[in-house]
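Quick caveat: nothing in here was measured; it's all calculated off a predicted structure. Residue numbers begin at 1 in each chain, while the letters A, B, ... track the order of the sequences.
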Amino acid sequence: MTDKYISKDGLNGLIASVKASGGRFVAPVLDTRQVVYKEVSSAEEIVDDYILPRNSYKEIAFPQTEILAKYELTRDGVTIDPVEIVARDTVVFGARPCEAASLASLNSVFTWDFIDETFTKRQEKVVVLSLGCVDADDECFCTTVNLSPASTEGSDVALYETENGYIVTPLTDKGTAFVSAHSDSFTDVAKGEEKKELVNPEKVEGVDLTKLGERLAKSPNYDNPEWAELTRKCCGCGACTYSCPTCHCFDIIDEGTAFEGERRKNWDACQFNHFTLHASGHNPRDTQYKRYRNRFMCKFHIYPTKFNSTGCVGCGRCIRVCPVRLDITDLMTAMSS
Amino acid sequence: MSNIYIPDLVTIEDIYEETPDIRSFRLVFKDEKLRESFEFKTGQFGLYSAFGLGESTFCIASSPTRKGYIQCTYRKTGRVTNALGELSIGDTMGFRGPYGNHFPIEEWKGKNIVFIAGGIALPPVRSVIWNILDRREDFGDVTIVYGAKTVEDLVYKEELKHWDERPDVKLIQTVDPGGETPEWQGEVGFVPTVLEEAKVPAENTIAVVCGPPIMIKFCLNALGTLGFSDDAVYTTLENKMKCGVGKCGRCNVGDIYICKEGPVYTATEIKAMFDDF
Amino acid sequence: MENELREKAKELLESGEVAVVIGYGFNRKKTRITPVFITKPEETDKLVFNELCVNNLSIYLTRKYRDIQKIGRPAIVAKGCDIKNIVVLITEGQTKREDIHILGVTCSGVVYKQELFKGELKPEIMPSKCHNCDVRNPHVADTVIGEKSDFTPPEEPTGMVFDKIKEIDAMSDSARWDFWNEHFNRCIKCYACRQLCSLCYCERCITEKNMPQWIETSAHPRGNLAWNLIRAMHLAGRCTFCGECERGCPVNIPLNLVNQKLVLTVKNAFGFESGIDENVHPPMIVFSEDDNENFIK
């Protein structure tokens, strides 16, 4: 399919068309002084001056909390009713090219042997419209992990900003089908319509992903005291993992009364002390550096080698959100040597 | 099943009080078709639900050679196990599984087997023991070294008696110093020491070790002294798990997911692992 | 001032009086301030102090950070407001006065969030605590660094937090309920508020206790409300209004409103302000015959 065009005003038509077909249109909006992905009903709500929304749109396919089943305990016994997985057609407008790779990464975990349909059924219905970045901040480091504002991995449709609109390039079958289904909202690209220049964030000096991976793969480096020194300031909150587009850890818990309740799947974070705490009191990751090391291993060793996918997309959310400014790129540099 | 986290319902058919805080359940699936079709392998585990409180992970302690039911043994230590401790015969709970890998028992045919277990770690070994005793003629000598802190803490007391009486099984029981009673007939001493003193021949022998990390560590040393190669020594690990299917991100030791690639490992594999357990 | 700080830190490390200096330093790009732990005298030139030094470093004195305690006796760079937290830690038996060397720094205010700083510390990017600060000159310290400040706080507390509290107090119950639910509903249960609070030093937080499960851990409105209210209650009479919980909150929940409201409530009921005197115990942990009992009806 050839490139199409949509003006910023024309987005209203697209939103209406998506809604008319029963879908949701998710885009970056301003909420309580920060930019977040949220469902919108008009183009006016969408912000266009942003680096990255605070949240990752992974929550569309992997919500923070969801009910897996409802149970009831009566005199006659127990009943358990699985909750039907509701998957709605969802368009993510303005996703950044770096994080577009993330759903595929999550998919690699959620479909490893056993298939977690609570994720896959929703993921199938997500159409990602990524928007090339015309600005970057100090925390962006996609180029350091071999991605860039021009990356297309995980995007269904690539959008490139022009003076008054966007040039639309369908990339996947899903993307082509989306553009065709809402063809009234798009026009041909007018002559002279020019893409704004994409801005590459500076590459972090001294990071070598190959060396980094090799080093993490070796067991003797695991207990290197450097880990404790580099992560000493980590306060052990879950802000990084809950903002990260590829963090996949969760908890399964029961909530309710003695007679009825729900079994839920909730986000959880490997940064929490009780995450790996055994009932016996033993904790394999009993200090913060071990927990941070696990997160780092997950991104740069487990994801790439075990799941053959991108662990860190370089979006920089974990750096921006970190209340003690622990910078993952500092560890990447240190662990590359 | 479309949702992998939904358990099947099981009925508690029988309860055995092993020690003051350890219990075993004999469980049967409510669904009769499932009761027929359910299969598992020795060494696999499951997630057991106490509805309203959550799930907990234990191995399947019965042998696949005994069909129609599963048995599990647990210690009352946490939220879920305490709730399971309140259940009675006829009550319903949840089970999902079987998960994980298994002991390669078929490869052990014709060999001698030595079992080494400590405390609450006998249940995973029990599945192997019965699997082998139920087709006794396929295997060589069977030795069981089992120890606990005190006499009271020994689990499966009836079965221990049975194994002790069997001429084709050599059972060595031990309790930690100070844990013996006046009537105690077994050894007094820690499992690794008793194992070494028993001088189990290493030739053509497979060792199955299960127990707390510190016991495993010393038993591996003792087995080394006795001449066992690391490839002939098997153990089963445990870690906190929530999903059992390699998604929730808790049980990994370095890059190895215990729930999927484990819980059964050879000593060679254990020694190559990251120091994270 | 920074030179003075570095010299003193160097002296403390060289003499062996302390084994580690917990202070502020720049990140690699020199754009942001981050906590640093200096153990070698030759590294003390990494220490800085400026209007971006907003973190309350007293969290690193708590028992959650065993590896830092293992290094040895610490010196800590602390603003007056941070010292308030250290004082509470002392009154609650979490550390001893003689076990730490407080490098008190005089302060003329810091930013509300580092991202807001564009080269100049304007009043509108300072948190309310700075506008009403009564400890710009450190009140409990082993060494005071910097020039004496002659700032006097206004008679009546001023600033956004205090205006907003008045506004919320005037709301109807249902409007107030809606206000808080709207904010708490955004909570993602990352517990950054707890982890950044030096007074949340419990190794096993109530939200992690599950026999019984006191707080629902799901990030649904019920669980979020339970968590945020219980944390607030656990800080009543202890919170010093350092503002770290609100600063760290990734979803901008106005936690300062809750905490300052509690500070005011405790002040009215008991005439107590936490963090001022390390020899006075907080009202919630002592019995006094003079306690106001008019809440018993």
Structural part of C:R204 lying under 4.5 Å from a heavy atom of chain A = side chain
Under 4.5 Å from any heavy atom of chain A - which part of C:T31 | side chain
If you check every heavy atom in residues 51-58 of chain A against those of chain C, which residues fall under 4.5 Å?
-> A:R54
Going by heavy atoms in the side chains, are A:Q288 and C:K64 under 4.5 Å from each other?
-> no
Using non-hydrogen atoms and a limit below 4.5 Å, what part of residues 226-236 of chain A faces chain C?
-> A:R232, A:K233, A:C234, A:C235, A:G236
Begin from the C-alpha positions of C:N252 and A:Q34 and carry the test side-chain contact (heavy atoms from CB on, under 4.5 Å) through to its verdict.
-> CA-CA 8 Å; C:N252 290 346; A:Q34 54 189 198; 3.5 Å; yes
Select one option (side chain, backbone, both, neither) describing which atoms of C:I22 are under 4.5 Å from chain A's heavy atoms.
-> neither
Per-residue contact mode, A:R33 against chain C (heavy atom under 4.5 angstrom) = both
Hey, are the side chains of A:D327 and C:R32 touching, using non-hydrogen atoms and a 4.5 Å cut-off?
-> no
Where along residues 329-337 of chain A does a heavy atom come under 4.5 Å of chain C, listed by residue number?
-> A:T329, A:D330, A:T333
Can you tell if the side chain of A:E205 reaches within under 4.5 Å of the side chain of C:R28, non-hydrogen atoms only?
-> no
Among side-chain atoms of A:E255 and C:H220, is any donor-acceptor pair under 3.5 angstrom?
-> yes
Chain A heavy atoms under 4.5 Å from C:V251: which part of the residue, side chain, backbone, both or neither?
-> both
Part of C:I59 within contact of chain A (heavy atom distance under 4.5 Å) = side chain
Side-chain polar contacts of residues 237-247 of chain A - donor-acceptor pairs under 3.5 angstrom, sequence neighbours left out - could you list them?
from   : atom 1 : to     : atom 2 : distance (Å)
A:T241 : OG1    : A:G238 : O      : 3.1
A:Y242 : OH     : A:W267 : O      : 3.3
A:S243 : OG     : A:A239 : O      : 2.6
A:T246 : OG1    : A:K299 : NZ     : 3.0
A:T246 : OG1    : A:G311 : O      : 2.6

Please determine, among C:G248, C:P250, C:S218, C:A192, the option with the most heavy-atom pairs under 4.5 Å with chain A.
-> C:S218
Contacting moiety of A:T32, where chain C heavy atoms sit under 4.5 Å | both
Whatever's closer than 4.5 Å to a heavy atom in chain A on C:E203 counts as backbone
Considering only heavy atoms, which portion of A:F272 lies under 4.5 Å from any heavy atom of chain C: side chain, backbone, both, or neither?
-> side chain
Are the charged groups of C:E115 and A:R325 less than 4.0 angstrom apart, N to O?
-> yes
Most chain C-contacting option - heavy-atom pairs closer than 4.5 Å, from A:D138, A:T287, A:D268, A:V321 = A:D138
State, yes or no, whether a side-chain contact exists between C:T217 and A:T65 at a heavy-atom distance under 4.5 Å.
-> no
Chain A contact via C:D67 - side chain, backbone, both or neither, heavy atoms under 4.5 Å = side chain
Under a 4.5 Å heavy-atom cut-off, does chain A meet the side chain of C:Y60, its backbone, both or neither?
-> side chain
Could you tell me whether the side chain of C:N55 and the main chain of A:P323 form a donor-acceptor pair under 3.5 Å?
-> yes
Examine whether an atom of A:D31 lies under 4.5 Å from a heavy atom of chain C, and if so say whether it belongs to the side chain, the backbone or both; otherwise answer neither.
-> side chain
